[in-house]
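Worksheet: the structure to be examined is printed underneath.
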Amino acid sequence: MRALLFAVLLAARLRAAACFGYESIYARIIEEQVLVKFTEHVTMAGTMMTAFSTGWLYNGTVVLDDVRALVYTQALAASDDVYFVWTGHPSGAFVGYYNKGFLAAANGSRALGWVGDENFTCPAYGVDGICRAYYAIDAARGTPLDQFDGIGYDPRLRAWYYEMADAYDGYTSASAWSGIYRDATLSATQHFPEDLNTSVPSNDHAMGLCSSLLGLDGAFLGVGCTAILLGSLDDAFRLAFADVDPASVLAYIREASSGYVVVASVPNATQLHAPSTTLNSASEVLFYEALSHPNDLIRTSAAHLEATGSWNRTGGPFDHAGLYYDVAAITDNGLDWNLVTLQRQSCPEGYYTSLAPGDYGSCQACQAPTTTADNNNDTYCPLCAVGYYRDGGGLCGGCAACPATGFVCDAVTVTLETLPLDAGYMRLHDESTEALACLGGKTACPAEAGRVGCDGGHFEAFSPYCSVCEPGYYLDATRCAPCGRGLGVRAGVGFALAAVVVLLVARYLATAGSSRAQSAKLVRRERLYNKLKSKWRIVFVSFQIVYSLPNLLNGVRFPRLMRVQFEALHVLTLDAATWQDVKVATATATVVVTYFVLPSVTLKILQIFDCEVLDDAGGKQAFLFADYSVRCGGFDYFVYTIYAILAVFVWPVGVPLLYFTLLHRHKHEINPSVVVAAPSDAGSARARSVHAVYGRASASAEALASEERLARQLEIRSANGNIRHLGLLYTPYEPHMWWWEIAEIARRLLSTSFLLVVSRGAVGRLFFGIMISLASTKLLAVFEPYISDSDDNLAEMLQWLVTVNLLASLGIVVGHGSAALAVASMSLQVVALGAAFALIKNDITRERKVFEEAMEELRKDIDEYKSALEATAGDYTSTLASSLRGAALLREAPRAPPTDEADAAAVEAPAPPATREPYLHVDMDECAADTEWTGGDPADVIGATPADGGHVDGGGCGCAEI
């Protein structure tokens, strides 16, 4: 029955062999192995005790032939687990048989067994005392044939005999396992090569299950034993663990009384024989003590069990230091053994070893996204699947999804401290999950696991976004450049160019209107300037909105194509404004400067309120988005905030309010009241001229009256020098739309700087910007504020460009960057610029002659200015030389006393006569394309002063085809 149970358990072990973790089946298999091996011996002992107690072999004396027959029958029926069956009697008689005759005879022939009979001497072999003779036997009956050898042997002096004899109580039969001994016969026949330099296992260790043999009357008749070789138990252990890694699972038996490891599932763990040892019947057993065993698992486990007193621990398996222990006590028939089964805590990837009572030691699947390494002994899931990182240690830690931007979680061992950063990103401390795009790109932030801060490029190590340079360096676009001559040279060149431009403009303003001929040119030229200026302003304002996005969208990483574009064109400060005379130059310059710098100044003011909260080493900390070296907090920042609030009332509130006040004060001059009942022939010509010059829709008969009124209004306000300094604010617009520039300013501010205060996030700012852009498009379509229809179309088209660009930016933000959207945005910008240039070319074509004159005069002005500079330099050199010579002469000449005549030498020069401010009459010589001025004295229309606010017709003047 036990053999059947063992077969079932062995089959179960084979099914479980590929499993990981603790398997209780191993301990059960080993325990059953031992019990199966012992069961046969218990059965045979019972058979022999019954044979004697029933009187079958005893009729007053022991019949040795019958005993021999019984023992031989037992040996023939025994399995390989029984290698020797014998009896010993009070007379000194000894009968025994080896199972399967594996003993080699002294003369080299093979014997089936041996028998010790009642002969007490073996004279032929020099034994005069009790003799144990070796015989070849008859295989059928077991009777002795040829004697091989004889040795002195008295069973009554052996421990197996006298211990059972001493235990006899006069009436009860008993059984007990003997101590482990070395079989002298087996030891004598083992062969060990002389050149063997390593220890080899011996197979002569045995022990016997001995029983007292009592007669029918209870008299003590002897001791009967069956022996088992410990090597048989070793073989059984190794068979049970044949397909298991011995470094992960093993079992061993420790003899409690001696501390020896007597059986183990690993080779060479017990019964080692040293080659130099002479084996004889007196040799001691060759075992390792458990505490000094060469096998690591056995030695470490024995130390733990010894230290904790757990050799006889009950209550199921337990774990320690990565090992599962299953300890059982074997006490059958007087044994005192400790059976220890060890298993390393080993589970495959994605599984852990459970400590729960119901699943103790089994491998349980980890809950996603946690996991384990392959062949692990973890009692929980300490790792995280690819795409996650471990946030915290031990059981309290959990797995968090890898941040979508800046980090690469491509291994199961990634933790919060070792989060690998993608190239071009940084974080402020080793517990931050906030990846900041480095301004210096991969140079400042190479890909590196666990990197904190910036690493290269001369950026401050812990500056957010690597946007602050080390001392001695300055930020040049996306790199830290050394401060030195290069920066000074570039600054000097910039200042020199600016000085040249200022001198040219000053000279132009100082000489504007100095002669009638030049004033006549200005009359014609101003018309072209106004047209080009209007279109330039529309393009400038639209692209100013587009290129302000990087300053408004905190932390948005645009595709590289767009970043290059933004870096190249982020400053749009050109202007085509023109002044007519020195008198209005200062006022005009003030309007121009405030107009063009208003969005950028407002942006700088409102940026003081735009702080970005970042995950700093000390916790959440707000940094100024415009300058990450400034923290949003403390007294200094409070002072900046107060200053910014005051500046808001000066710039984004004060400047538009000033513009509106000025325009409202002069609205009747900008939009003069003109009544046209029915257009005259001259008025119709004037109206058609407006159509041709400004590119308006074809004039119909019904529209001539309104067009005549528009032409008269443009003529009157163009001639009004009182409002010329405000020309930048009203010139492009129809007279009744005198207020439109205020709406334009509101559009510019709401589309750029004011986005900083409506939302903290990029998505919210883009959404608000899109709403403003769509509303602006609708207002442009409804009001059509520009004089030129081409300007209305251009403004509306560019406003759609702004809308599409905002939508593309929103797609980039939501989709974390898209090169396709970047290409589409840039393509639309190119198309819009192409359309704008086409309209500008159309205006230049209409005004080709004026344009060519302007270009020629500009070239002359540059040449004259160059000559003047050379002459001035020469005069300065001559004057300096003369002054030096004069100073030398004065030092040599005697000093004359002062006189009253010297004080009267200075005579005040008469003041030049006052000049009359020229009155410029525009309308009469606005000739259309392919026409020229044909008659009339320019003095009739230029230089005359109207008597009572009227205008001079310039009769006789007109345009004719060339």
Side-chain angles (χ1 to χ4, degrees), residues 524-545 572 574-580 584 588 591-592 594-596 598-599 656 659-660 662-664 666-667 669-672 689-697 707 709-720 723-748 776-777 779-799 802 832 835-844 846-847 850 922-923 926:
R524 300 189 299 271
R525 196 173 299 168
E526 183 181 16
R527 182 177 62 238
L528 174 60
Y529 285 161
N530 286 338
K531 293 177 183 179
L532 300 182
K533 182 169 62 178
S534 175
K535 288 181 173 57
W536 163 245
R537 284 176 52 188
I538 294 171
V539 174
F540 173 81
V541 170
S542 298
F543 279 85
Q544 188 182 49
I545 294 173
L572 296 174
L574 300 178
D575 183 28
T578 304
W579 301 271
Q580 296 301 325
V584 298
T588 304
V591 173
V592 169
T594 55
Y595 178 86
F596 282 100
L598 178 61
Y659 287 173
F660 179 78
L662 294 173
L663 291 173
H664 187 270
H666 298 283
K667 68 176 181 179
E669 296 175 88
I670 299 172
N671 183 27
S689 176
V690 170
H691 279 275
V693 171
Y694 287 97
R696 294 171 66 86
E707 296 299 326
R709 180 164 57 83
L710 174 61
R712 294 289 297 276
Q713 286 178 312
L714 295 179
E715 176 185 348
I716 292 171
R717 80 177 186 182
S718 297
N720 190 349
I723 59 174
R724 185 167 301 281
H725 62 288
L726 301 176
L728 184 67
L729 304 179
Y730 68 80
T731 300
Y733 310 118
E734 296 187 12
H736 69 282
M737 300 298 295
W738 58 270
W739 53 270
W740 185 259
E741 189 58 46
I742 308 303
E744 276 290 286
I745 292 175
R747 177 176 74 94
R748 294 169 66 193
S776 301
T777 306
L779 291 176
L780 285 170
V782 171
F783 287 99
E784 296 182 338
Y786 293 93
I787 297 174
S788 174
D789 288 349
S790 63
D791 290 346
D792 286 323
N793 295 333
L794 179 62
E796 186 174 351
M797 178 186 67
L798 291 180
Q799 191 58 48
V802 171
F837 288 140
L839 294 174
I840 292 172
K841 180 178 180 300
N842 192 31
D843 285 338
I844 293 176
R846 291 195 185 98
E847 305 285 354
V850 178
V922 179
D923 185 63
E926 285 187 344

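All residue numbers refer to positions in the sequence shown, counting from 1. Note that these values count all heavy atoms, side chains included, but never hydrogens, waters or copies made by symmetry.
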If you look at every heavy atom in [X] and [Y], which pair is closest and at what distance?
X: Leu798; Y: Val539; answer: CD1-CA, 3.6 Å
X: Leu794; Y: Ile538; answer: CG-CG2, 4.0 Å
X: Arg748; Y: Pro599; answer: NH2-CG, 3.0 Å
X: Gly727; Y: Pro732; answer: O-CD, 4.4 Å
X: Phe660; Y: Ile742; answer: N-CD1, 3.6 Å
X: Pro656; Y: Ile745; answer: CG-CG2, 3.8 Å

Determine the interplanar angle of the Tyr786 and Tyr733 rings, folded into 0 to 90°, and report it as parallel if under 30°, tilted if 30 to 60°, perpendicular if over 60°.
->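 Tilted, since the angle between the ring planes falls between 30° and 60°.
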Does Arg712 use its side chain to pair, donor to acceptor, with the backbone of Pro672 at less than 3.5 Å?
->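 Absent.
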Report yes or no: does Asn720 contribute a side-chain atom to a donor-acceptor pair with the main-chain N or O of Ile716 at less than 3.5 Å?
->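 No; zero donor-acceptor contacts below 3.5 Å.
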Are [X] and [Y] packed together at the side-chain level, in the sense that at least one heavy-atom pair is separated by less than 4.5 angstrom?
X: Arg717; Y: Tyr730; answer: yes
X: Pro735; Y: Leu710; answer: yes
X: Glu744; Y: Glu741; answer: yes
X: Ile670; Y: Lys667; answer: no
X: Arg747; Y: Ile545; answer: yes
X: Leu663; Y: Trp739; answer: no
X: Leu780; Y: Asp792; answer: no

Would you give the length of the straight line joining atom OG1 of Thr731 to atom CD1 of Ile787, rounded to the nearest 0.5 angstrom?
->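 These two atoms lie 7.5 Å from each other.
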Could you give the distance from CD (Gln713) to OG (Ser718), rounded to the nearest 0.5 Å?
->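 If we round to the nearest 0.5 Å, Gln713:CD and Ser718:OG are 11.0 Å apart.
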Are the aromatic rings of Trp740 and Phe783 close, with centres under 6.0 Å apart?
->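 Between Phe783 and Trp740, which both carry aromatic rings, the centre distance is below 6.0 Å.
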Does the pair Ile723 and Leu662 meet the rule for a side-chain contact (heavy atoms from CB on, under 4.5 Å), with working shown?
-> CA-CA 9 Å; Ile723 59 174; Leu662 294 173; over 6 Å; no
